[in-house]
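Since the structure comes first, as structure tokens, the remarks are kept for the end.
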Amino acid sequence: MLTTKTLKLSLKSLREFARKRLPDETLIDLDARDECPLEIVHHMCSPDKLGIQLLFIPEEYGGMGGNTFDVYCVCEEMARIDLGIATSVLATFLGSDPITVGATPEQKKIWLTRIAEEGLLFAYGATEPEAGSDLGALRTTAERVGENGKIAGYKITGNKQWISNGGIAGAYTVLANTPSGPSWFIVEQGAKGFTHDKPEDKHGIRLSNTAALALDNVYVPTDRLVGGVEGQGLNQAQAVFGYTRLMVAAFGLGAGWAALDRAIPYSTKRIQAGAPLSEKQGYTHKLIVPNVARLEAARAYIEETAQRIDAGEGSLNTEGAIAKYMATEAGNSAADASIQALGGYGYTHEYMVEKIKRDVRITTIYEGTSEIMEMTISRDRWQIHLKTRGQHYHEQARKFEELHARYANVGAGSAALALHALAEVMERARIARLTRYQHILLRLGELIAYAECAGSLALRASLLAENKLHEKADRRFEASALAAISRIFAREAALKVAEDGVRWVLGAGGVAASELAAFESSLGLQAIHAAQAGLISDMDFVADVLYDRTAKRELAA
Ligand SMILES: Cc1cc2nc3c(=O)[nH]c(=O)nc-3n(C[C@H](O)[C@H](O)[C@H](O)COP(=O)(O)OP(=O)(O)OC[C@H]3O[C@@H](n4cnc5c(N)ncnc54)[C@H](O)[C@@H]3O)c2cc1C
């Protein structure tokens, strides 16, 4: 774990480096030329220069041993600079993850030390032309090569698709089928029979190198089989999902804020109809404030999950999926709204939000698509719903009712309404066997993510009020502002769970027309509608905070 001081210093040097070496004009130019700035990537990864790699490598292998919270902070900062470069730098961690979780001590020593000492770039080769979301469809094979009755090595044959750093990495972890099942292998650049294609011409993250790989009977000795035992590949990939999805969640968060941080100042200077756009409620309350609320809800969930992983609660794959889903969808929505917020200027390259929008789009696709996240979330929480006989979310709701009793202003009351309604929607889905419809299963995943994030943000707002927030936690907002943001999001979550719940349950024939009123009442629909009171004044307050107007209003009053 890094000390708070070291983390802050690292983030500061990252920002300073970006300010000097990656101004907007450079980024726009590289994007237009579709070029990965290899020298910059190496500079960022070299131990004697920025050495971002070191933050993630355990101390015993020459790194600084950053924990999950540190990784989240660095990923958000990197994404604020450029998501393509962030992908390139962080691909090394993705690529070395199978080694970190599954390798033998000797393998760890060799490869993690090389990353720390040489700044070796890694790539993670899982996806194939026919195996994307469904990695089980993997076709790449690793054939045993025997010598004197013993396995001396493997011959790997197959194709990999969309591999970040595919054309520039020094080493690759490649997933291939052995006779005992999928396994990770380490393959070095330049191995005989190993080639990569030209970089893909992509919609966004054009500063990141993405290339297809071809392996034609590539020979690797047995010490390149990660962990030395065949068939562990999918477990090793699974073991880090919570962590790696949190990294991509932080990308969505950083890119979303990078876009809003351009839209907000722009709107103070752009005069239309006699006043700055920032003074127009129809502008701020549609394009800015709701996006801030969703991003901060996602941040609360990311920080909570990072702390739990660091506290040793396991890999928390479902929580990682919720964090990724919410943060990347929120990041996309914030970037899209930022284009709108800049009008015609937003639609041009020069003002950057257009590039950020293209870049952030990838975050809902790689490391598991949003639909796969919805499925992961829903399946896991469905099991908990069944095991607790429908009580899980009612119990969660009661915790937030208690929080609401202590802190009436942090949105915990609406979060509790969302969680109670969620429990009822899931129960109705169980009774009417609605999860036989895949669409219902996936929509439940979305509702679960909203309700859980509402709870997380309410908790975060209360911790901030009590001055008990994690030392490294983001402190952009002070307590009263975060409480208002939480109330806005919790209202949205409660309404979404209840109204979408009615929509999908009715849509799938789960409630007869004669039972509708009783179903709506079980969801607490009336209380959820009543909880919307005060929404506009909360949005006014958050807009005032964002535009630094609170002090001016107080003075005027
Ligand atoms: C720029 C970029 C960089 C990448 N970097 C890497 C990397 O470094 N290493 C690596 O291994 N991979 C990488 N990927 C691959 C990425 O992880 C996959 O693209 C992603 O997992 C989706 O797989 P797919 O593209 O085959 O889409 P598919 O799996 O074919 O999905 C297509 C659509 O169908 C939906 N879908 C899929 N299955 C289901 C289902 N069962 N039910 C309902 N809907 C479904 C998906 O949500 C999606 O909307 C990268 C991709 C890109 C574009």
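First listed ligand is number 1; within each ligand, the first listed atom is number 1.
Here the rule is side-chain contact (heavy atoms from CB on, under 4.5 Å) with Y61, and of L54, T113, I110 only T113 fits it.
Ring geometry for W382 versus H385: interplanar angle under 30°, hence parallel rather than tilted (30 to 60°).
Other residues, nucleotides and ligands contribute over 12 non-hydrogen atoms within 6.0 Å of the NE2 atom of H203. For R379, the CZ atom is loosely surrounded, since the number of other residues' heavy atoms within 6.0 Å does not exceed 12.
Salt-bridge formation is detected for the pair E354/R358: a Lys NZ or Arg NE/NH1/NH2 atom is positioned less than 4.0 Å from an Asp or Glu carboxylate oxygen.
E77 places no side-chain N or O within 3.5 Å of a backbone atom of R15 that could act as its donor or acceptor partner.
A distance limit of 4.0 angstrom between heavy atoms and ligand 1 selects the residues Y124, A126, T127, G132, S133, W162, I163, S164, K202, I205, T210, I362, I365, Y366, E367, T369, E371, I372, M375, Q438.
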